[in-house]
Every structure is written in structure tokens, then in C-alpha cells.
Number of protein chains: 2
Amino acid sequence: MPEPRKPRKDAARNRAAVFAAADALFADCRSPEEVTMADIAAAAGVGKGTLFRAFGDRTGLIRALFEARLEPLGNAIEEGPPPLGPATPPPQRVPALLDALLCFKLDNRHLAQALEGTGADSPYRTEHYERWHTLLRDLLRRVPAPADSDFTAHALLAATRADLVAYLADEKGARREELRGQLAKFTAAVLGGTM
Amino acid sequence: MPEPRKPRKDAARNRAAVFAAADALFADCRSPEEVTMADIAAAAGVGKGTLFRAFGDRTGLIRALFEARLEPLGNAIEEGPPPLGPATPPPQRVPALLDALLCFKLDNRHLAQALEGTGADSPYRTEHYERWHTLLRDLLRRVPAPADSDFTAHALLAATRADLVAYLADEKGARREELRGQLAKFTAAVLGGTM
DNA sequence: TACGATACGGACCAGCGGTCCGCTTTTTCC
DNA sequence: GGAAAAAGCGGACCGCTGGTCCGTATCGTA
């Protein structure tokens, strides 16, 4: 691992400014598509070239931002205390993970929608989805479930898709606790049957 | 209902030509985004203006094509024989509907992906999704399920999202019967618990 | 056949993601 | 501290896409 040399001071500052600007813009607009790269650059006070050099393309920027926001949750899962951390027995951990994921998507629904709607490359080919799926699948294998663990993991994750969550919350007026309860019940049905 | 006057002969012919051309183009290309309106117009042997006059915009064209392809299935559900038709008791009809939907999305995955990935307007705000959801929800209410019928209907439909299906089939190499079996088992788990 | 209504089609436009390269800032080294 | 080199900056610029427009060709009708 050849220590990639620390970035310059202004580069770091700009990166943070871009994150903040993009976050705000995505939060405000109804559809992620109406936030253009030029908008983000302007709001962050940088040039468009800077955006593309730092993140490659639009998808790269969204992905980087998403990962950054997701990092705390990722840490809590990898090395945190129960019920998210690795010490939790699977039957409790699976619902906890899904609940945390739902909450995250609720809180960051605009960003998550931007990520999942990048179009060309489906949300499934990302390394980030792979992580969640593998984690969930392995946990499901350790709880005697009636259905195939691999597919079940996909199906459970599909229930927390950003556009579905946003639709239920924004169009249908579903409340946060309501959604959490529904997802919990659904998960329980999938897992145990008897609840 | 003011009988909307029958369309001109050439208009009807062009409409069919556009459908055929679009279908073929979507089937061939990897990502629906790389099929442009100009491509479709050229392949159908019509001008671009004709496309937009007939369908409004890109989304309208995709939607019209999708609905057209879905019509046979829709009829089978509304007035066909069991297990899809209305005479079927809910516990058998729900899995049958989901299976039929999965098969349809498998057969028309490119088109379905184009539809769901139109970006701006989420797939959920369409009248077509509303139909499926309502039908499924009402059926679920008539079978004593442990979880909320409304949410469960959304979750089950999410398991057949076009990009997920395409991902499993194309990237993961899942076979058709394999997927059908997995969805059936998953559905059974959600419905009955005991299977 | 002649005429009005309807539909055609391709030149045209605005706006997007993405590139490029001359210029500025930062770091490095003596 | 200063100069040279490296790293980064930014906005003019490009190709392409969805979408518009209107003169022209075609269809239905009498």
C-alpha cells in the first residue's frame, strides 16, 4: 500500500465545501435530476473542472457523498455495541439492521434517491450494496428461515429502496414510526412466521 | 365520454412501427439510456417530431409501450381463468400474481428497466403501479397475514423490481425457474409463515 | 377532384455532462 | 526566504440529448 500522499489544503477544503453544497441542494430540490453539476459547483464556490477532477463524474460525486454520510452507520455495524454491532445474535440483528437502514434512507432520502437513480449503472452493481447484501445474507443463514437466504436478503433490502421510502413518506404521508413498525412486522413475518 | 375520433391510417401504422422499433432497440442495448429518441425515430422510419407529437415525451413513449405489452396480462387478471383470474381465492391468487409479474419482468426486463428508470418521476407515481398495489393489498386483507397489508403489498412488489430482476438474471446468472421458486418461497413465508 | 383537416419530419434550440489547458496556489528543497 | 516544481483551479468550450416548430405532404370527405 503506497501511502497516497496527503491532499493539499485547498483541495480538502473544496471537497468539504462541495459535500455541504451538494447535500443542501439535493435536500431542497424535489427531483435529484434538477440539481446540475454547474449548480453544485456554483453553490460550493468552485469551478466545474474541480468537481470532475475530484470525483470523476456525477455518479462518483453522489457515491462519495453517500458513502461519507453512511460512514457512521457502517462503523456502528462493524464494531459498535448491540443491537447493531457484531455481538448481537442474528434474530435480533437482522431487524435492527433493516430498521437502521430505513431510518438512514428516511433521513437522507434525497441523496439516496440520487444515488439509486443514477440510471446507467443499476444500484445493485455498487460495492456498497454488495456489502449490505452479504452481511444480511450471512446473518439469515444463521437463522432457520423458510426461504432462500440470498434472495430473501435482496427482497428485504428492496423493501427499503429509497424511492419507495420517499414515496411512502412524502406522497402517502406515512409517519416515521409508522413505517418503522410496518417494516419490523414485515421482517418478523419473513423471519419467523409466528412473530 | 366524447368518442375521441379514430386516428388516421398512417398515424396508426407509424405508432405500431415505433413500438416495434423501440422494443427491438431496448432489447438490444445494455442500458436503456443509450437508446435515444433519434435512434427510435430512425429505426421506425419516422421523424423525431412524430414521436413527440404522438407520445408527448420520452417517458410517455416508454409508458405507452409498456402498457401495450402488459395488456394481455392485465386482461388475464381482470377476467381470465384461475389462477390469475378473479375467481381464485386470495391465498392462491397472490403467489400467482407475483409469479406472473416476475415472469413478465424477466421477459421484458429492458423495457421495464427503461420505465422504472425514467428518473424524474418515481415508478410509484404511475397509475399502473397503483393498480397493482391496490389489487395486491385488497387480496392480502382477505388472507390473515401477520403484517400490515398495505406495506406488505409494497414490499412484495419491490421484490420484483425490474433492476433487481435484471441484476439477478444477467449479472448473477440466476435461472428463470430458480428465481420463480425463490420468489414463491419468499411469498409463502410472508403469507403463511408455516408455508 | 378539390379542399380542409391532420399528421409528418428534419432543421433548430437550450441545457446538460464532461474535457481542456493557461493560470494560480501550495509545497518542497536549497 | 525565495525560486522551481508540483498540484490544483476554473470557466470557456464541445458533443449530444430531449424537446420545439412550422412549411409541407398526406389523408378523409364530398
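Lettering follows sequence order; numbering is per chain, from 1.
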Please give, in whole Å, the distance from C:dC20 P to A:L51 CG?
-> 17 Å
In whole angstrom, give the distance that lies between atom CE of B:M37 and atom P of C:dG15.
-> 20 Å
Flag the pair B:E67 and B:R131 as a salt bridge only when some basic side-chain nitrogen lies within less than 4.0 angstrom of an acidic carboxylate oxygen.
->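 Yes, B:E67 and B:R131 are salt-bridged.
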Atom-pair distance (CG on A:L61; P on C:dC16), nearest Å = 16 Å
Quick one: on DNA chain D, does B:G56 or A:A11 contact a more 5' nucleotide (nearest heavy atom)?
->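 Result: A:A11.
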Among D:dG8, D:dG18, C:dC16, find the nucleotide with the atom closest to the side chain of B:F52.
->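 Out of D:dG8, D:dG18, C:dC16, the nucleotide with an atom closest to B:F52's side chain is D:dG18.
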Pair of N/O donor and acceptor under 3.5 Å linking D:dT17 base with B:R58 side chain = no
Answer with yes or no whether A:R8 presents, from its side chain, a donor or acceptor under 3.5 Å of a partner atom in the base of D:dA7.
->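 Result: at least one qualifying N/O pair found.
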For B:E34 and C:dG17, what is the distance between atoms CD and P respectively, to the nearest whole Å?
-> 19 Å
Would you say the side chain of B:K9 and the base of D:dG28 hold a donor-acceptor pair, judged only by whether the two atoms sit under 3.5 Å apart?
-> no
Can you find a heavy atom in the side chain of B:L168 that is under 4.5 Å from one in the side chain of A:F151?
-> yes
Whole-Å distance separating the CZ atom of A:R13 from the C1' atom of C:dT24 =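 In whole Å, C:dT24 C1' lies 13 Å from A:R13 CZ.
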Would a line drawn from the ring center of B:H154 to the ring center of B:Y129 be shorter than 6.0 Å?
->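 That pair passes the under 6.0 Å test.
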Measure from CZ on A:R15 to P on D:dG8 and round the result to the nearest Å.
->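 For the pair A:R15 CZ and D:dG8 P, the rounded distance is 12 Å.
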Please determine, by modelled atom types, if B:D150 and B:H133 share a side-chain donor-acceptor pair under 3.5 angstrom.
->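 A pair is found: one side chain offers a donor N or O, the other an acceptor, under 3.5 Å apart.
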Phosphate contact (D:dG8 OP1 or OP2) by A:T50 side-chain N/O below 4.0 Å | no
Of B:T36 and A:G45, whose nearest nucleotide on DNA chain D comes first from the 5' end?
-> A:G45
Considering heavy-atom distances to DNA chain C, does B:R53 or A:A38 have its closest nucleotide positioned more toward the 5' end?
->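 Looking at DNA chain C, the more 5' nearest nucleotide goes with B:R53.
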Phosphate-side-chain proximity, A:N14 and D:dC9, N/O vs OP1/OP2 below 4.0 Å |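 For A:N14, the contact criterion (side-chain N or O under 4.0 Å from OP1 or OP2 of D:dC9) is met.
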Does atom CZ of B:R142 have more than 12 heavy-atom neighbours, drawn from other residues, nucleotides or ligands, at distances under 6.0 Å?
->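 No, because the 6.0 Å sphere around CZ of B:R142 holds 12 heavy atoms or fewer from other groups.
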Atom pair distance, as rounded to whole Å: CZ in A:F55 and P in D:dC9 = 10 Å
From C:dT25, C:dC12, C:dA7, pick the nucleotide closest to the side chain of B:K48?
-> C:dC12
